[in-house]
Amino acid sequence: MEPTLVDPSPRSIAGRQVGPLAFGHWRFVGGDDAEAEADALIEATLDLGMNLHDTADVYGFDWGGEGMGHAERRLGGVLARHPEWRERMVIATKGGILPGVPYDSSPAYLRMACEDSLSRLGVDHVDVYLVHRPDLLGHPEQVAETLVGLRGAGKIGAIGVSNHTLEQTRALEAFLGEPVAVTQPEFSVAQLAPMRDGIFDHAMAGGTVPMAWSPLAGGRVPKGEGIPAPLVEVLDELAGERGVSRSAMAMAFVLANPARPIAIVGSQNVDRLEDASTAREVALTRADLYRIIEASEGVPLP
Ligand SMILES: NC(=O)c1ccc[n+]([C@@H]2O[C@H](COP(=O)([O-])OP(=O)(O)OC[C@H]3O[C@@H](n4cnc5c(N)ncnc54)[C@H](OP(=O)(O)O)[C@@H]3O)[C@@H](O)[C@H]2O)c1
């Protein structure tokens with residue numbers, strides 16, 4: 001029997017151990033009156049071992065949110081009611097997207113964005129701070145200096161990037177003098193780019209932890225919409241054999257990559273978070289994984 005490649009062991013970020021499934025806050029924008037709902041959701045994630053929480057200052061513009069800072073404010077409300085949860089949690093937030101501009105990683109703006117995030121979250125520091133998208137007009141030397149300054153001031157723990165190309169990541173690292181702790185690309189059964197564009201190879205070489213965003217392709221995988229029909233068929237066949245859902249199978253695919261990504265689960269539904277957790281126990285062999293890759297790409301590998 002071929003060994004499973006799914007790796008459910010904790011990942012290490014800036015000296016903290018985090019589960020292989022994180023909780024994503026992009027859609028965490030329920031109304032301010034839904035406090036009990038927010039508390040229950042966060043408590044469920046912690047009980048399920050999803051102790052890494054991924055938010056951003058810009059989360060709040062989509063999904064009926066009230067705009068800039070809404071998701072961070074909502075998490076801040078949870079932490080104000082349950083301060084004991086802060087130490088169970090590793091908080092990652094992001095800055096550098098400024099609706100209207102659209103990107104700004106200038107020193108003054110990033111410093112202000114980070115301070116504003118801390119204030120909305122009601123914390124004195126975040127464990128991970130990511131540049132959300134590359135500022136095409138920002139010089140990596142200045143971005144690196146700003147991030148190192150924030151870290152030196154104790155406002156952020158680890159430094160990360162999201163949606164950066166390999167070369168953008170390398171340029172920033174050249175001025176940081178060290179690899180970024182975290183990189184956050186889109187990665188799922190329906191988005192395989194980081195396996196080939198150098199992002200995962202570079203992460204493995206430098207010890208960077210990848211955080212895979214939209215691991216269910218934003219819901220297209222469970223719905224079976226907007227992804228190749230042969231991919232749905234292969235996922236369903238494997239899921240049926242292993243007795244798990246199609247979503248859990250897709251999450252397991254993310255956890256099986258040798259770069260040891262963390263899957264950022266986006267569901268706001270406790271039953272679906274529990275279902276996602278079953279991905280940790282799924283067995284997937286090299287042969288299974290190549291079947292998924294070929295079905296996703298629609299062409300056999302040479
Ligand atoms: N860095 C970036 O640029 C970036 C971009 C996008 C996302 N992210 C991060 O990645 C996280 C995850 O992204 P995502 O929310 O797109 O993740 P996802 O897990 O791929 O998709 C979550 C969506 O799928 C739906 N869903 C899950 N199971 C379902 C089912 N069985 N049937 C129907 N719908 C189902 C969820 O709805 P329910 O809530 O109803 O379950 C939710 O709307 C975000 O929260 C954010 O932290 C980062």
Side-chain angles (χ1 to χ4, degrees), residues 18 20-30 34 37-38 40-42 44-45 48 50 52-65 70-72 74-75 89-97 99 102-103 105 117 126 128-135 160-165 168-169 180 182-191 193-194 199 209-227 232 235-236 239 244-255 261-279:
V18 295
L21 301 172
F23 179 65
H25 286 241
W26 182 26
R27 302 167 198 265
F28 187 65
V29 290
E37 195 187 305
L41 194 51
I42 297 300
T45 64
L48 287 166
M50 298 178 183
L52 174 57
H53 281 247
D54 180 70
T55 187
D57 57 2
V58 79
Y59 291 170
F61 282 96
D62 305 314
W63 322 116
H70 186 173
E72 286 184 333
R74 196 169 184 226
L75 177 57
M89 212 181 259
V90 172
I91 300 179
T93 195
K94 319 181 197 74
I97 298 182
Y103 309 126
S105 288
S117 288
V126 286
V128 190
Y129 194 75
L130 297 92
V131 179
H132 204 155
R133 285 190 180 272
D135 176 2
V161 294
S162 182
N163 304 300
H164 279 51
T165 65
Q168 287 164 339
T169 307
V180 290
V182 165
T183 186
Q184 190 175 126
E186 181 178 5
F187 179 59
S188 69
V189 292
Q191 175 51 272
I199 294 296
V209 177
M211 295 173 68
W213 65 256
S214 289
L216 298 181
R220 287 183 289 126
V221 169
K223 290 180 194 150
E225 293 166 2
I227 63 168
V232 175
L235 290 172
D236 284 350
V244 295
S245 69
R246 186 195 301 157
S247 297
M249 184 52 64
M251 292 280 181
F253 174 85
V254 173
L255 303 186
I262 290 166
I264 318 174
V265 182
S267 177
Q268 306 293 303
N269 171 306
V270 173
D271 289 343
R272 289 182 184 153
L273 296 178
E274 285 172 0
D275 179 64
S277 300
T278 64

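Just follow the structure's listing: the first ligand is 1, and inside any ligand the first atom is 1.
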When distances are taken from atom 38 (P) of ligand 1, the protein heavy atom at minimum range is Arg272 NH1, 3.2 Å
State whether the shortest distance between N or O atoms of Leu216 and N or O atoms of ligand 1 falls below 3.5 angstrom.
yes
Using heavy-atom distances, let me know which of Trp213, Tyr59, Trp63 sits nearest atom 46 (C) of ligand 1.
Tyr59
Min N/O separation Gln268 to ligand 1 under 3.5 Å:
yes
Under 3.5 Å: N/O of Arg27 near N/O of ligand 1
yes
Can you report which non-hydrogen protein atom sits closest to atom 47 (O) of ligand 1, along with the distance?
Asp54 OD2, 2.6 Å
How far is atom 44 (C) of ligand 1 from its nearest protein heavy atom, and which residue and atom name does that atom have?
Trp26 CB, 3.5 Å
In ligand 1, the atoms that come under 4.0 Å of a heavy atom of Ala217 are 20 (O)
For atom 25 (C) of ligand 1, find the nearest protein heavy atom and state the residue, atom name and distance (0.1 Å precision).
Gly219 CA, 3.9 Å
If you measure every N/O of Ile264 against every N/O of ligand 1, is any gap under 3.5 Å?
no
Tightest non-hydrogen contact, residues Thr278 and Ala248, listed as OG1-CB, 3.3 Å
Ring pair (Phe, Tyr, Trp, His ring centres under 6.0 Å) with Trp26: of Trp213, Trp63, Phe61, only one passes, and it is Trp63
Purely on distance, is any nitrogen or oxygen of Pro222 under 3.5 Å from one on ligand 1?
no
Check whether any side-chain heavy atom of Leu216 lies under 4.5 Å from a side-chain heavy atom of Arg272, and answer yes or no.
no
Ignoring hydrogens, what is the shortest heavy-atom contact between Met50 and Leu273? Give both atom names and the distance.
CE-O, 3.6 Å
Residue among Asp54, Leu130, Leu52 satisfying side-chain contact (heavy atoms from CB on, under 4.5 Å) with Val182
Leu130
For Pro215, which part has a heavy atom under 4.0 Å from ligand 1: side chain, backbone, both, or neither?
both
For atom 19 (O) of ligand 1, which protein heavy atom lies nearest, and how many Å away is it?
Gly266 N, 3.2 Å
Heavy atoms only: give me the nearest Ser267-Phe23 pair and the separation to one decimal.
O-CE1, 3.3 Å
Is Ser214 in polar range of ligand 1, meaning some N or O pair under 3.5 Å apart?
yes
Closest approach of Pro194 to Glu186 (non-hydrogen atoms, all atoms of both residues)
CG-O, 3.3 Å
Need the ligand 1 atom indices (1-based, order shown) with element for anything under 4.0 Å from a heavy-atom of His25.
45 (O), 47 (O)
Could you identify the single nearest non-hydrogen protein atom to atom 3 (O) of ligand 1 and state the distance to 0.1 Å?
Asn163 ND2, 2.8 Å
Identify the two heavy atoms, one from Ile97 and one from Asp57, that lie closest to each other, and give their separation to 0.1 Å.
O-OD1, 4.4 Å
N/O of Ser247 under 3.5 Å from N/O of ligand 1, yes or no?
no
Do Glu72 and Thr93 have side-chain atoms, one donor and one acceptor, less than 3.5 Å apart?
yes
With Tyr59, which of Arg74, His70, Lys94 fulfils side-chain contact (heavy atoms from CB on, under 4.5 Å)?
Lys94
Just verifying a value: how many Å separate Arg246 CZ and Lys223 NZ, rounded to the nearest 0.5 Å?
12.0 Å
If the cut-off is 4.0 Å to any non-hydrogen atom of Asn269, which atoms of ligand 1 fall inside it?
41 (O)
Between Glu186 and ligand 1, find which residue part has any heavy-atom pair under 4.0 Å and reply side chain, backbone, both or neither.
neither
Where is the nearest protein heavy atom to atom 36 (C) of ligand 1: which residue, which atom, and how far?
Ser267 CA, 4.1 Å
